[in-house]
Amino acid sequence: MKILVDENMPYARELFSRIGEVTAVPGRPIPPGALNDADALMVRSVTKVNAALLDGKRIKFVGTATAGTDHVDEAWLEQAGIGFSGAPGCNAIAVVEYVFSALLMLAERDGFSLRERTVGIVGVGNVGSRLQARLETLGVRTLLCDPPRADRGDEGDFLTLDALAREADILTFHTPLYKDGPYKTLHLADDALISALKPGTILINACRGPVVDNAALLKRLNAGQRLSTILDVWEAEPDLNVALLDKVDIGTAHIAGYTLEGKARGTTQVFEAYTAFLGTPHQVALDTLLPSPEVVRLALHGALDETTLKRLVHLVYDVRRDDALLRHVAAQPGEFDKLRKHYRERREWSSLYVQCDDADAAQRLHRLGFSAVYHPIR
Ligand SMILES: NC(=O)c1ccc[n+]([C@@H]2O[C@H](COP(=O)([O-])OP(=O)(O)OC[C@H]3O[C@@H](n4cnc5c(N)ncnc54)[C@H](O)[C@@H]3O)[C@@H](O)[C@H]2O)c1
Ligand SMILES: O=C(O)[C@H](O)[C@H](O)COP(=O)(O)O
């Protein structure tokens, strides 16, 4: 059995070679001919999976080691009898930690406390719900917008997008990209919505570029609208709108989900799905794959305030590094994908073991996702 995997998929060779012969290839584009004798294809979000790629090929299963699936024509796969799996939630923690890293940086720069701000979360799925839980642990007020969940009758106080735009100090998007249909998200943040934001609002897009109308955003920023902007994703990736990058406060190369844990979960999820598809299900324990992190443990004395939290968060992951890397190469063709391919190892907060002599600090850090324990100092 021949399995083609994206070369930007940690642990793919190690796992898939347990069941077949593995070839790793670039995903954008897949080299011509590489698909000819493959039985299964494992991609990331950069590969458009559709009839144009697969019609006439012998591929029987496609896995994408990503949360988003807008690059996959699932209806075509189904009618062609090709099995499919995504990796829902694989990198949700990574995106939440990206958002925290960025917000704590802006809070320090602009002299505010997160606890004084109201955060509007648009799309309350794997990312949005974890973000809400961690913000609430810090005592930050959140407002939620998720029409599909509201229509399903899910528990929760769901508001309209317009209500969030009116009330939130921080508006953060975590929806899939739907180009049409009742829950269309293409240009969900359009000119009218962006114009309606309160002066000083922080706008975050870490889901898919086209969810925010980039031309409208640039127009508003050029017109002097008071807005802080954090963009991880861009319309027309991998081409970058350099004029927009110049105007945003934090701009990164679609790496919000790029923790090692997040990528490894994506790989294990599609590996498990493929083996189940073959009728020989395998389970993989993530901690058997992951190496020890660079910084393993530290001791924290006293209470946990926002300044201390910021230092811990930025010790594990500081978004300014990714912002600087993108700005250095922004105008050069091909560099956006190179930054993503050669992404330096990044870990999740859970990789840091924090020993606290304050019980409340230990409890809150634990609830935030760090490996924290209370250990009184005698
Ligand atoms: N930047 C990155 O690296 C990165 C990483 C992970 C995910 N993503 C993107 O973020 C998206 C969200 O990730 P997730 O794991 O939370 O997905 P998810 O499917 O778990 O959650 C998405 C939520 O959005 C809601 N939604 C759908 N249409 C909506 C609309 N019109 N308005 C408001 N809410 C709507 C859904 O009901 C769902 O609750 C993914 O689809 C993916 O495209 C990006
Ligand atoms: O949808 C996702 O999971 C993310 O956008 C994903 O992490 C993007 O990374 P890529 O698949 O492009 O490597």
Side-chain angles (χ1 to χ4, degrees), residues 5-10 12 26-28 42-49 63-72 86-99 102 120-132 143-152 154 156 158-164 171-189 193 204-212 230-234 237-238 251-267 269-270 319 322 336-337 339-343 346:
V5 302
D6 186 306
E7 63 188 8
N8 188 15
M9 202 184 283
R28 180 150 61 191
M42 307 298 154
V43 298
R44 297 194 57 86
S45 77
V46 294
T47 304
K48 299 257 177 277
V49 178
T64 181
T66 58
T69 54
D70 49 286
H71 54 293
V72 179
C90 61
N91 44 20
I93 293 171
V95 178
V96 170
E97 294 179 2
Y98 171 96
V99 170
I121 301 175
V122 187
V124 194
N126 281 294
V127 176
S129 59
R130 284 171 175 82
L131 180 62
Q132 180 201 14
L143 302 173
L144 308 178
C145 167
D146 192 316
R149 289 194 55 191
D151 291 351
R152 279 203 305 269
D154 281 9
F158 295 109
L159 304 173
T160 63
L161 181 56
D162 286 344
L164 264 64
L171 191 63
T172 185
F173 286 85
H174 302 288
T175 68
L177 174 60
Y178 295 148
K179 293 193 175 131
D180 45 37
Y183 302 116
K184 178 176 161 187
T185 57
L186 177 69
H187 290 180
L188 197 54
L193 184 102
I204 305 174
N205 187 7
C207 60
R208 284 290 179 269
V211 171
V212 172
I230 300 167
L231 291 187
D232 178 54
V233 287
W234 308 80
E237 286 175 26
T252 50
H254 195 156
I255 48 67
Y258 269 23
T259 57
L260 187 58
E261 289 89 340
K263 281 187 163 186
R265 268 185 226 109
T267 309
Q269 280 177 241
V270 290
V319 70
D322 288 326
F336 189 90
D337 273 349
L339 278 183
R340 309 184 77 228
K341 184 173 169 188
H342 303 293
Y343 194 66
R346 168 181 153 209

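No hydrogens, no waters, no symmetry mates; every other heavy atom, side chains included, goes into these values. First listed ligand is number 1; within each ligand, the first listed atom is number 1.
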K341 and E7: CA distance, side-chain angles, deciding distance, salt bridge (charged side-chain N to carboxylate O under 4.0 Å, His left out) verdict | CA-CA 8 Å; K341 184 173 169 188; E7 63 188 8; 3.0 Å; yes
Can you list the residues that meet the side-chain hydrogen bond (donor to acceptor under 3.5 Å, both in side chains) rule with D162, with sequence neighbours excluded?
-> none
Only one of N91, T252, N8 forms a side-chain hydrogen bond (donor to acceptor under 3.5 Å, both in side chains) with Y258, so which one is it?
-> N8
Report yes or no: does N126 contribute a side-chain atom to a donor-acceptor pair with the main-chain N or O of A92 at less than 3.5 Å?
-> no
Under the side-chain hydrogen bond (donor to acceptor under 3.5 Å, both in side chains) rule, collect the residues that match up with E237, sequence neighbours excluded.
-> H254
Main-chain N/O of V72 paired with T69 side-chain donor or acceptor, under 3.5 Å | no
Worked verdict on N205 versus W234 for side chain to side chain contact (heavy atoms under 4.5 Å, CB included) = CA-CA 9 Å; N205 187 7; W234 308 80; over 6 Å; no
Which protein residues have a heavy atom under 4.0 Å from ligand 2?
-> N8, R44, S45, V46, T66, A67, G68, N91, R208, H254, Y258, R340
Which heavy atom in L131 sits nearest to a heavy atom in V96, and how many Å separate them?
-> N-CG2, 3.7 Å
Correct closest heavy-atom pair for L144 and L164 would be O-CD1, 3.9 Å
Check ligand 1 against the protein and report each N/O to N/O distance under 3.5 Å, formatted as atom name, atom name, distance.
from: ligand 1; atom 1: 1 (N); to: A206; atom 2: O; distance (Å): 3.0
from: ligand 1; atom 1: 1 (N); to: D232; atom 2: OD2; distance (Å): 2.9
from: ligand 1; atom 1: 3 (O); to: G257; atom 2: N; distance (Å): 3.0
from: ligand 1; atom 1: 16 (O); to: N126; atom 2: N; distance (Å): 3.2
from: ligand 1; atom 1: 16 (O); to: V127; atom 2: N; distance (Å): 2.8
from: ligand 1; atom 1: 20 (O); to: N126; atom 2: N; distance (Å): 2.8
from: ligand 1; atom 1: 20 (O); to: N126; atom 2: ND2; distance (Å): 2.9
from: ligand 1; atom 1: 31 (N); to: Y183; atom 2: O; distance (Å): 3.0
from: ligand 1; atom 1: 37 (O); to: D146; atom 2: OD1; distance (Å): 2.8
from: ligand 1; atom 1: 37 (O); to: D146; atom 2: OD2; distance (Å): 3.3
from: ligand 1; atom 1: 39 (O); to: G125; atom 2: N; distance (Å): 3.4
from: ligand 1; atom 1: 39 (O); to: D146; atom 2: OD2; distance (Å): 2.6
from: ligand 1; atom 1: 43 (O); to: R208; atom 2: NH1; distance (Å): 3.3

